[in-house]
Amino acid sequence: MVEWIDLRSDTVTKPTGEMRAAMAAAEVGDDGRMLPDGQYGDLTVRRLEEAVALELDKPAAIFVTTGVLANMIALRTWCKREATIAVGANSHILRFERGAFDPEVFGLRARPLADSCGFPEVAAGGLDGAQVLCLENTHNAAGGVPWHVEKVETLRTQHASLPSIHLDGARLFNASVALGVPLSQLASVSDSVMVCLSKGLGAPMGSVLAGPTEWIAEARKMRQLLGGQLRQVGVVAAAGLIALRGYRDRLETDQARAKLLAERLRNIPQIEVDDKIKTNIVRARFIGGSDPAFRVRSFAAKHGVLLGGPSGQELRFVLHSDISNSGIDQATNVISHALSQET
């Protein structure tokens, strides 16, 4: 099996030995059916939901296969068809949770807000008639930028009222570590929040959606309607429980390695590195050349390094638990070598 140095995303991590052992020994059940105690029937899932709800300081939570599904469940639980959703123009929700805004699926109406710096810019009247305001922390497209809760408090002073707030916290754990504040503090400004276990935390699958108890009960119905009800899913929830242990040290390491990678890339003359490196994402842009990113990605893949990027002039690197310092060295050496080759 080829051992890739995979910098395309933090979704590519492999489960640790401890996770695999927990998965093999997991207590499982039918998460769509209730037991006599009135709780749903996969006890490992129940423990995971309770653990995440406690971390976020939310009353209840529900385990979902993916962040995309969790966000879509949240939007549809908050409002009905044709409702207006205020959402960042570059946000993951607007770019990838497309079914929410497809007239043949959920039929919600997006009101895009400028968010190139990672937090929406809301002009006077920009939230009028919106039933939900979507926020993203960290903001993926802005380069993994985290933001403090004071930004939402500022919105509250600028607008007479705010709609329900849903927080796409796919990398909220990264934001918590980078800002040095508890996860619960970052989640406190939202009415509902989604966190992903299969990115920086390294679990093989799953996200958790948290919010008010009655609202989560409705979200559970929506999950079933969308085909997301699960059987014996404790086999992956067990890995999520392991992922919650000691995540701060792991994410601090990822973020330190992101800065190390940026330093190494800055030594390559043809590359300009984004200086807003706050978490585990590094963005780099090539100076000159005709779409060199495509050529560099192709060359790197032939030498065991997988790279991603939004265009022919840019590369995007995402650090995670499977990337070591030596992997960073190999990746930057391969990139430098690729650029030294004749086109």
Side-chain angles (χ1 to χ4, degrees), residues 1-20 138 140-141 143-144 170-171 173-174 177-178 196-205 239 242-243 246-287 289 291-343:
M1 179 179 177
V2 176
E3 290 296 331
W4 298 98
I5 296 170
D6 196 339
L7 288 156
R8 294 171 299 171
S9 176
D10 45 9
T11 62
V12 301
T13 55
K14 304 297 191 298
T16 64
E18 186 180 9
M19 288 180 184
R20 292 177 187 273
T138 66
N140 184 356
R171 293 186 175 90
F173 293 94
N174 294 86
V177 171
C196 186
L197 304 174
S198 63
K199 289 188 170 70
L201 298 198
M205 189 187 90
I242 299 298
Y247 68 85
R248 291 191 173 273
D249 288 343
R250 295 198 307 276
L251 294 183
E252 284 175 358
T253 299
D254 292 345
Q255 293 175 12
R257 285 181 173 145
K259 292 180 173 62
L260 174 62
L261 173 62
E263 290 175 9
R264 301 289 170 81
L265 290 171
R266 289 191 181 102
N267 291 327
I268 302 174
Q270 301 96 319
I271 290 180
E272 184 179 74
V273 180
D274 188 341
D275 59 2
K276 298 191 298 293
I277 301 168
K278 303 296 184 182
T279 55
N280 65 323
I281 297 177
V282 178
R283 296 189 302 177
R285 183 174 181 82
F286 290 98
I287 303 170
D291 293 338
F294 296 132
R295 179 167 53 83
V296 169
R297 286 198 292 267
S298 177
F299 181 92
K302 296 174 183 176
H303 292 80
V305 178
L306 298 178
L307 305 173
S311 73
Q313 291 293 132
E314 298 174 77
L315 290 176
R316 173 178 177 267
F317 308 83
V318 187
L319 280 296
H320 52 79
S321 58
D322 288 351
I323 300 297
S324 64
N325 286 0
S326 62
I328 290 172
D329 289 339
Q330 183 176 339
T332 51
N333 288 338
V334 165
I335 292 169
S336 181
H337 189 49
L339 291 169
S340 70
Q341 304 298 300
E342 293 184 357
T343 58

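If you're wondering where the values come from, they're calculated on a predicted model, not measured in any experiment.
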With a 4.5 Å heavy-atom cut-off, do Arg250 and Leu201 have their side chains touching? yes
Roughly how far, to the nearest 0.5 Å, is the CD1 atom of Ile5 from the NE2 atom of His303? 12.0 Å
Tightest non-hydrogen contact, residues Gln313 and Ala293, listed as N-CB, 4.0 Å
With a 4.5 Å limit on heavy-atom distance, are the side chains of Val177 and Thr279 in contact? no
Using atom types as modelled and distance alone, determine if a side-chain donor or acceptor of His337 lies under 3.5 Å from a backbone N or O of Phe299. no
Give a yes or no on this: more than 12 heavy atoms of other residues, nucleotides or ligands lie within 6.0 Å of atom CD of Glu272. no
For the residue pair Gln270 and Pro292, establish whether any side-chain heavy-atom pair is separated by less than 4.5 Å. no
Straight-line distance of Glu314 CD to Asp291 CG, nearest 0.5 Å: 11.0 Å
Side-chain touch Val12/Leu306, heavy atoms, less than 4.5 angstrom: no
Report yes or no: does Asn280 contribute a side-chain atom to a donor-acceptor pair with the main-chain N or O of Leu319 at less than 3.5 Å? yes
Which pair of non-hydrogen atoms, one from Cys196 and one from Ala170, has the smallest distance, and what is that distance? CB-O, 3.3 Å
Excluding sequence neighbours, so at least two apart, what forms side-chain hydrogen bond (donor to acceptor under 3.5 Å, both in side chains) with Asp254? none
Any donor-acceptor pair under 3.5 Å linking the side chain of Arg283 with the backbone of Ala141? yes
Within a strict 4.5 Å, meaning less than it, do heavy atoms of the Asp274 and Val282 side chains meet? no
Do any N or O atoms from the side chain of Asp322 and from the backbone of Lys14 form a donor-acceptor pair under 3.5 angstrom? yes
Could you measure the distance from the CZ atom of Arg316 to the CG atom of Leu7? Nearest 0.5 Å is fine. 11.0 Å
Mind checking salt bridge (Lys or Arg N to Asp or Glu O under 4.0 Å) for Arg264 and listing every partner two or more places apart, or none if nothing turns up? Asp329
From CZ (Arg257) to CD (Glu263), nearest 0.5 Å: 13.5 Å
Kindly compute the distance separating CG (Asp10) from CG (Leu251), expressed to the nearest 0.5 Å. 9.0 Å
Dump the intermediate steps for side chain to side chain contact (heavy atoms under 4.5 Å, CB included) on Thr11 and Lys199, then the final yes or no. CA-CA 5 Å; Thr11 62; Lys199 289 188 170 70; 3.8 Å; yes
Any heavy-atom pair between the side chains of Leu261 and Ile277 that's under 4.5 Å? no
Who pairs with Phe317 by ring pair (Phe, Tyr, Trp, His ring centres under 6.0 Å), at least two apart in sequence or on another chain? none
Quick one: CD on Gln255 to CG on Asn174, what's the gap to the nearest 0.5 Å? 5.5 Å
Test item: Thr332 side-chain N/O and Ile328 main-chain N/O as donor-acceptor pair under 3.5 Å: yes
Keeping the roles fixed (side chain from Thr13, backbone from Ser321), state whether a donor-acceptor pair exists under 3.5 Å. no
In short, Lys278 meets Gly144 closest at the heavy-atom pair CB-O, 4.4 Å
Please report the closest heavy-atom contact between Val318 and Ser9, naming both atoms and the distance. CB-CA, 3.7 Å
Does Phe286 reach the side chain of Leu339, with side-chain heavy atoms less than 4.5 Å apart? yes
